[in-house]
Number of protein chains: 2
Amino acid sequence: MPDQEAMPDPAHQQPAKRRAGRPAKAILAVAPITQAALELIRRDGYKGLTMAALAKRLNVAPSALYNHVRSKQDVLALVQDHLMSFVDVSAFAEAAWPEAVRAWARSYRDVFAQHTPLIPIIAVQPIADSPQTLRSYEAVADGFRRAGWPESEIVDAIVALESFIYGSAFDVNAPEDIFDGGGQPAAPGLTGAVQAREARHGRYTADRAFALGLDAIVDGLLARRGDT
Amino acid sequence: MPDQEAMPDPAHQQPAKRRAGRPAKAILAVAPITQAALELIRRDGYKGLTMAALAKRLNVAPSALYNHVRSKQDVLALVQDHLMSFVDVSAFAEAAWPEAVRAWARSYRDVFAQHTPLIPIIAVQPIADSPQTLRSYEAVADGFRRAGWPESEIVDAIVALESFIYGSAFDVNAPEDIFDGGGQPAAPGLTGAVQAREARHGRYTADRAFALGLDAIVDGLLARRGDT
DNA sequence: ACCTGAACACCGTTCAAGT
DNA sequence: ACCTGAACACCGTTCAAGT
């Protein structure tokens with residue numbers, strides 16, 4: 001599932017081309033930087049990802065990184081695109097549209113729930129600079145088209161689903177007691193709903209809300225497919 | 001619509017009470033800090049909100065702030081809760097459920113589209129510490145109940161809608177050309193969908209995807225109300 | 001109780017100097 | 001072309017000292 005080797009340099013970075021006959025002096029490149037950043041994040045979280053820590057892990061001086069990326073934002077964008085290769089789009093080739101969308105959405109949420117600091121970046125990053133993101137969108141758009149979606153509605157439907165997925169990724173990190181009003185008398189109605197929820201479904205998890213919302217949006221999209 | 005004066009201190013901050021007969025020495029308090037932070041954000045954006053800038057605007061030393069908040073995170077949580085008072089829940093008292101939900105969701109998205117750096121905080125902040133957030137949830141939960149929602153499903157339905165709203169708030173800040181593949185031959189299917197979209201609906205705005213997703217999720221929720 | 005001023009331990013980024 | 005080392009302009013936060 002990971003794209004192991006080939007990590008094409010986004011267009012906006014200067015390629016690390018090597019002239020034949022000249023010894024390769026470069027010890028750094030975009031792909032190892034991305035990999036090291038991801039390992040650092042997995043080990044120490046996003047607060048552990050600093051340019052200094054990244055450089056140290058790669059055994060170079062921090063300033064050396066700036067020969068390959070323009071900023072820390074660039075590093076984050078590289079990691080974001082790389083993670084997109086872990087989002088499973090295979091269901092679009094195998095299952096019917098509603099099941100395929102649900103499988104894709106779950107996989108997408110699960111990947112980025114561990115990387116919420118990237119969500120503000122994804123949502124705003126032009127896809128032209130992100131090869132893996134482009135690849136993923138292509139598969140999804142194709143799945144929609146084969147399921148009979150009108151060409152002009154595909155993008156908006158995908159964006160709507162993504163919005164729900166991004167928001168749900170944050171929710172995964174909510175503490176279990178997020179809805180404990182502390183017995184606040186100011187909100188008896190909410191307290192009642194929270195308690196009824198707990199009595200019926202147990203302690204708070206993001207999964208029930210995600211399933212409910214995903215089912216609703218998939219059903220709703222299907223019902224209004226094409227009547228625009 | 002703004003709650004002008006009364007900004008109750010969250011339980012976790014030490015109150016700035018004054019003994020009678022003693023001159024008030026305190027020149028700072030939580031409410032002015034919140035207000036100053038919001039003004040700073042409106043003027044210079046979130047990168048302009050530093051503890052130093054905040055202190056300067058209040059004519060105190062940066063270290064003075066720490067007598068009233070424990071961290072910058074605290075300041076952000078105060079701003080977040082304050083903004084919740086701008087989210088319009090009045091439609092729940094006036095309109096039918098689907099219209100009320102749509103009006104509330106739009107208002108919610110519009111407020112936080114200008115404050116996306118707060119979304120990671122909202123999504124994780126226990127509501128007990130946030131009086132305005134609590135008030136807002138109370139109104140929404142009540143609206144759901146009066147519309148006949150089963151008590152145990154109210155919280156999950158609201159969370160699902162919020163997830164969509166948060167994700168959509170990011171999308172508002174997407175650049176117009178976010179889907180320009182740069183004529184990438186790698187993604188002909190996506191390019192087709194993007195072009196068909198543009199031909200039919202004009203340049204990219206977040207509003208169409210938001211309307212589509214919101215209608216879908218409202219319809220979908222309504223269709224499956226209670227069958228759990 | 002609440003403020004100031006100095007200090008600390010970081011950040012990301014730049015740039016002259018080397019090879 | 002790509003690296004090092006030093007430096008810059010910030011950050012958020014702490015803490016002794018004052019009132």
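Note on naming: letters A, B, ... go to the chains in the order of the sequence lines (proteins, then strands), and numbering restarts at 1 for each one.
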- Task: Rounded to the nearest angstrom, tell me the gap between atom NZ in A/K72 and atom P in C/dT14.
- Result: 15 Å
- Message: Assess, by modelled atom type and distance only, whether the side chains of A/Y66 and A/D74 contain a donor and an acceptor separated by less than 3.5 Å.
- Response: no
- Could you give me the stems involving DNA chain D, meaning stretches of three or more consecutive Watson-Crick or G-U wobble pairs whose two defining distances are both below 3.5 Å? C:4-8 with D:12-16, C:12-16 with D:4-8
- Task: Using a heavy-atom cut-off of under 4.0 Å over every strand shown, decide if B/T50 touches base, sugar-phosphate, or nothing.
- Result: sugar-phosphate
- Query: Once you round it to whole Å, what is the distance between C1' of D/dC2 and CG of A/N67?
  - Reply: 5 Å
- Item | Given DNA chain C, 5'-ward residue of the pair A/K47 and B/A64, judged by closest heavy atom | B/A64
- Task: Rounded to the nearest angstrom, tell me the gap between atom OH in A/Y66 and atom C1' in C/dT13.
- Result: 5 Å
- Does A/F210 have A/R109 sitting over its ring (NZ/CZ under 6.0 Å from centre, angle to axis within 45°)? yes
- Atom CG of A/D74 and atom P of C/dG12 are separated, to the nearest Å, by 14 Å
- Do any N or O atoms from the side chain of A/S163 and from the backbone of A/V159 form a donor-acceptor pair under 3.5 angstrom? yes
- Which nucleotide in the list D/dG12, C/dT4, D/dT4 gets nearest to the side chain of B/M51? D/dG12
- Message: So that I know where these two stand, are A/Y108 and A/F112 an aromatic pair - ring centroids less than 6.0 Å apart?
- Response: yes
- Query: Just how far is it from atom CD of A/E162 to atom OG of B/S168, taken to the nearest 0.5 Å?
  - Reply: 11.0 Å
- Task: Take the protein atom NZ of B/K56 and the nucleotide atom P of D/dG12, then report the distance between them rounded to whole Å.
- Result: 14 Å
- Taking atom P of D/dG12 as reference, at what distance in whole Å does atom CD of B/Q73 sit? 12 Å
- Query: Are A/H68 and D/dA1 close enough that a side-chain N or O sits under 4.0 Å from OP1 or OP2?
  - Reply: no
- Message: side chain to side chain donor-acceptor pair (under 3.5 Å), that's the test. Do B/H115 and B/Q80 meet it? Break it down for me.
- Response: CA-CA 9 Å; B/H115 297 274; B/Q80 180 266 303; over 6 Å; no
- Message: From CG of B/L76 over to C1' of D/dG12, roughly how many Å is that when rounded to an integer?
- Response: 12 Å
- Task: Would you mind reading off the distance between A/L28 atom CG and D/dT4 atom C1', rounded to a whole angstrom?
- Result: 12 Å
- Message: I'd like to know whether the aromatic ring centres of A/Y166 and B/F170 sit less than 6.0 Å apart in this structure.
- Response: no
- Item | Pair of N/O donor and acceptor under 3.5 Å linking C/dG12 base with A/S71 side chain | no
